Number of protein chains: 2
Amino acid sequence: MKIVTPTRPRGRPREFDETKALDLAMMVFWRLGYEGASVADLTGAMGITAPSLYAAFGSKEGLYRRVLAHYQAGPGAFTWAALTEEPTARGAIERVLRESARVFTRRKHPHGCMISTAILRCAEAHQPVADLVASLRAGAVELFRERIARGIAAGELPPETDAGAMARFLGAIVQGMSVQAQDGASEAELLGLVEVAMRAWGGGAGRPRAR
Amino acid sequence: MKIVTPTRPRGRPREFDETKALDLAMMVFWRLGYEGASVADLTGAMGITAPSLYAAFGSKEGLYRRVLAHYQAGPGAFTWAALTEEPTARGAIERVLRESARVFTRRKHPHGCMISTAILRCAEAHQPVADLVASLRAGAVELFRERIARGIAAGELPPETDAGAMARFLGAIVQGMSVQAQDGASEAELLGLVEVAMRAWGGGAGRPRAR
DNA sequence: CTATTTTCATAACGGTCACTATTGAAATCG
DNA sequence: CGATTTCAATAGTGACCGTTATGAAAATAG
């Protein structure tokens with residue numbers, strides 16, 4: 001008869017919580033960007049020493065990749081939720097934009113989207129990281145495109161709608177909102193921007209109105 | 001009787017052309033961003049040594065400020081030209097967007113806008129530079145706003161038009177196009193995006209059509 | 001207990017960062 | 001000419017970069 005205790009691993013247990021450490025590292029990368037965040041910044045904020053960081057995450061780049069996944073599952077999850085939960089394509093898109101305006105200006109974390117602004121131009125040595133982040137941006141646009149294509153298939157949108165162009169348009173809006181949020185724009189200002197953007201969707205502003 | 005020769009300065013003349021040096025430095029900053037461009041990268045591309053760079057420009061940051069002005073007077077000048085030369089607000093905006101699509105994908109220089117993407121998040125030591133670049137972004141939005149307000153005053157646009165929101169919308173579009181261009185988007189893709197964006201302007205896509 | 005394994009903290013690694021002291025060459029001035 | 005001024009090249013500055021060797025500390029296994 002075996003006891004099913006959760007079988008502690010062999011050696012000395014680590015003294016920090018990996019999830020909390022990722023949260024703290026995320027804030028640093030979010031605020032300073034990938035290149036701007038030094039390992040000293042990270043270990044200082046995470047409350048661990050450099051060898052502990054390297055034992056747990058391999059390298060600064062490895063930690064960053066873990067943080068990106070952590071971001072997508074946390075503060076960045078609202079996008080995927082909006083696109084899958086809303087019944088109509090237009091409703092989904094509008095919810096993404098409105099929630100972006102709110103999330104990008106929250107005071108509990110740096111303003112703007114972490115993926116949009118963490119690493120754009122960079123030294124050649126960091127190009128692989130920049131490429132990864134660029135692929136995440138492309139993935140978001142692709143998510144938009146799929147949702148719009150689904151809306152076209154469902155008859156919500158005219159069949160001649162260019163889903164790719166619409167998706168790239170939305171990607172640009174989100175990207176631009178992220179930068180403006182970082183530059184100090186308020187939620188109200190971003191919502192005004194969203195209202196203009198939704199006009200490109202045809203029909204008036206706001207949610208589809210009954211008539 | 002004085003001879004009016006162009007009075008060469010006293011000591012040994014410098015052996016490099018400052019304008020050409022700024023051009024070369026601009027390409028490096030454009031490609032690698034402010035933090036990603038090292039002084040070694042810059043001197044290597046400019047064909048001068050570090051002491052020459054510091055004698056002529058004071059510091060890396062000083063050189064960057066000169067390069068930003070050089071950019072605005074060169075590759076970035078089309079925006080100001082479009083906004084002042086076009087007779088209507090809508091025409092001016094559409095020209096800015098269409099020319100952005102073309103300029104951002106030129107093969108003679110890195111894709112995207114240099115001001116949009118050179119330095120967003122960064123180490124705290126470089127925050128003054130980031131603030132400067134942010135103020136340039138804000139200046140572009142303000143230029144948009146003024147042009148739209150002028151269009152409202154001229155009766156081209158409905159008096160209830162929110163010029164600030166429209167301007168922020170356009171700033172976001174340009175910012176987003178810049179990132180997508182850097183990520184590899186083609187001119188045709190960006191023009192498709194522009195067409196969608198112009199729909200937010202009311203009345204179908206494209207230039208105002210006679211009817 | 002001893003042996004083993006893993007994490008911890010200290011201290012340091014070579015490399016690159018932005019930047020400059022020094023020196024000699026190249027120009028103009030008197 | 002000699003004196004002066006400015007530039008350019010060499011060679012380095014200290015500081016910080018990401019990363020790691022070392023050894024003590026803390027847990028399990030036998």
Side-chain angles (χ1 to χ4, degrees), chain A residues 2-18 20-21 25 28-29 32-67 119 121-130, chain B residues 2-18 20-21 24-25 28-29 32-67 118-119 121-130:
Chain A
K2 288 181 183 174
I3 304 178
V4 288
T5 44
T7 68
R8 234 186 180 166
R10 195 68 189 295
R12 173 176 174 176
R14 71 167 39 134
E15 296 178 356
F16 66 93
D17 181 275
E18 195 172 284
K20 287 180 185 171
V28 176
F29 278 126
L32 303 177
Y34 177 75
E35 281 189 314
S38 71
V39 172
D41 292 328
L42 292 163
T43 56
M46 298 163 81
I48 65 177
T49 60
S52 297
L53 188 156
Y54 279 83
F57 303 104
S59 65
K60 178 183 169 182
E61 179 177 336
L63 171 62
Y64 188 60
R65 291 172 181 269
R66 291 287 306 276
V67 164
I119 177 168
R121 317 277 184 193
C122 66
E124 277 162 7
H126 304 141
Q127 198 57 49
V129 183
Chain B
K2 287 180 184 174
I3 304 179
V4 288
T5 44
T7 69
R8 232 173 173 185
R10 194 69 186 295
R12 173 177 173 177
R14 72 165 39 132
E15 295 180 358
F16 66 93
D17 182 277
E18 195 171 285
K20 287 180 184 171
L24 295 164
V28 175
F29 278 127
L32 303 176
Y34 178 75
E35 281 189 316
S38 71
V39 172
D41 292 329
L42 292 163
T43 56
M46 298 164 82
I48 64 177
T49 60
S52 296
L53 188 156
Y54 280 85
F57 303 104
S59 64
K60 177 183 170 183
E61 179 177 335
L63 171 61
Y64 187 61
R65 291 173 181 269
R66 291 287 306 276
V67 164
I119 177 167
R121 317 277 184 191
C122 66
E124 278 163 5
H126 303 141
Q127 197 57 49
V129 183

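Since the structure is predicted, the reported quantities are computational estimates derived from the model, not experimental observations. Convention: sequence-line order gives letters A, B, ...; per-chain numbering from 1.
- Side-chain contact check for B:Phe57 versus B:Arg65: every heavy-atom pair is 4.5 Å or farther apart.
- Nearest heavy atom pair, residue A:Val28 against residue A:Ala37, reads CG1-CB, 3.8 Å.
- Atom P of nucleotide D:dA25 and atom CD of A:Glu15 are separated by 13 Å, given to the nearest angstrom.
- Within the 4.5 Å cutoff, the side chain of B:Ser52 has heavy atoms near those of the B:Phe16 side chain.
- In this structure, A:His126 atom NE2 and C:dT16 atom P are separated by 12 Å, rounded to whole Å.
- The aromatic rings of B:Tyr64 and B:Phe29 stand perpendicular to each other, their planes meeting at an angle above 60°, with 30° marking the opposite boundary.
- Applying the side chain to side chain contact (heavy atoms under 4.5 Å, CB included) rule to A:Ala40 yields the partners A:Ser38; only residues at least two apart in sequence or on another chain are considered.
- Whole-Å rounding puts the B:Glu124 CD to D:dA15 P distance at 20 Å.
- Scanning residues 57-66 of chain B for heavy-atom distances under 4.0 Å to DNA chain C yields B:Ser59, B:Lys60.
- The phosphate of C:dC19 (OP1 or OP2) has a side-chain N or O of B:Tyr54 nearer than 4.0 angstrom.
- Taking atom CG of A:Asp17 as the reference point, atom P of C:dT7 lies 15 Å away to the nearest angstrom.
- The side chain to side chain contact (heavy atoms under 4.5 Å, CB included) check on A:Ala25 picks up A:Leu42, A:Met46, A:Leu63, A:Val67, with sequence neighbours excluded.
- Side-chain contact between A:Lys60 and A:Tyr34 is present, with heavy atoms from C-beta onward closer than 4.5 Å.
- Residues from residues 33-53 of chain B that place a heavy atom under 4.0 Å from any atom of DNA chain D, listed by number: B:Thr49, B:Pro51, B:Ser52.
- Here B:Glu18 pairs with B:Arg14, B:Arg66 under the salt bridge (charged side-chain N to carboxylate O under 4.0 Å, His left out) rule; sequence neighbours left out.
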Polar atoms only, N or O, under 3.5 Å: list the protein pairs with nucleotides 23-25 of chain C and their distances.
unit_1: C:dA25; atom_1: N3; unit_2: B:Arg12; atom_2: NH1; d: 3.1

| message | Apply side chain to side chain contact (heavy atoms under 4.5 Å, CB included) to residues A:Glu35 and B:Cys122 and explain how you reach the verdict. | response | CA-CA 7 Å; A:Glu35 281 189 314; B:Cys122 66; over 6 Å; no
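- Side chain of B:Glu61 to backbone of B:Val129: no donor-acceptor contact under 3.5 angstrom is found.
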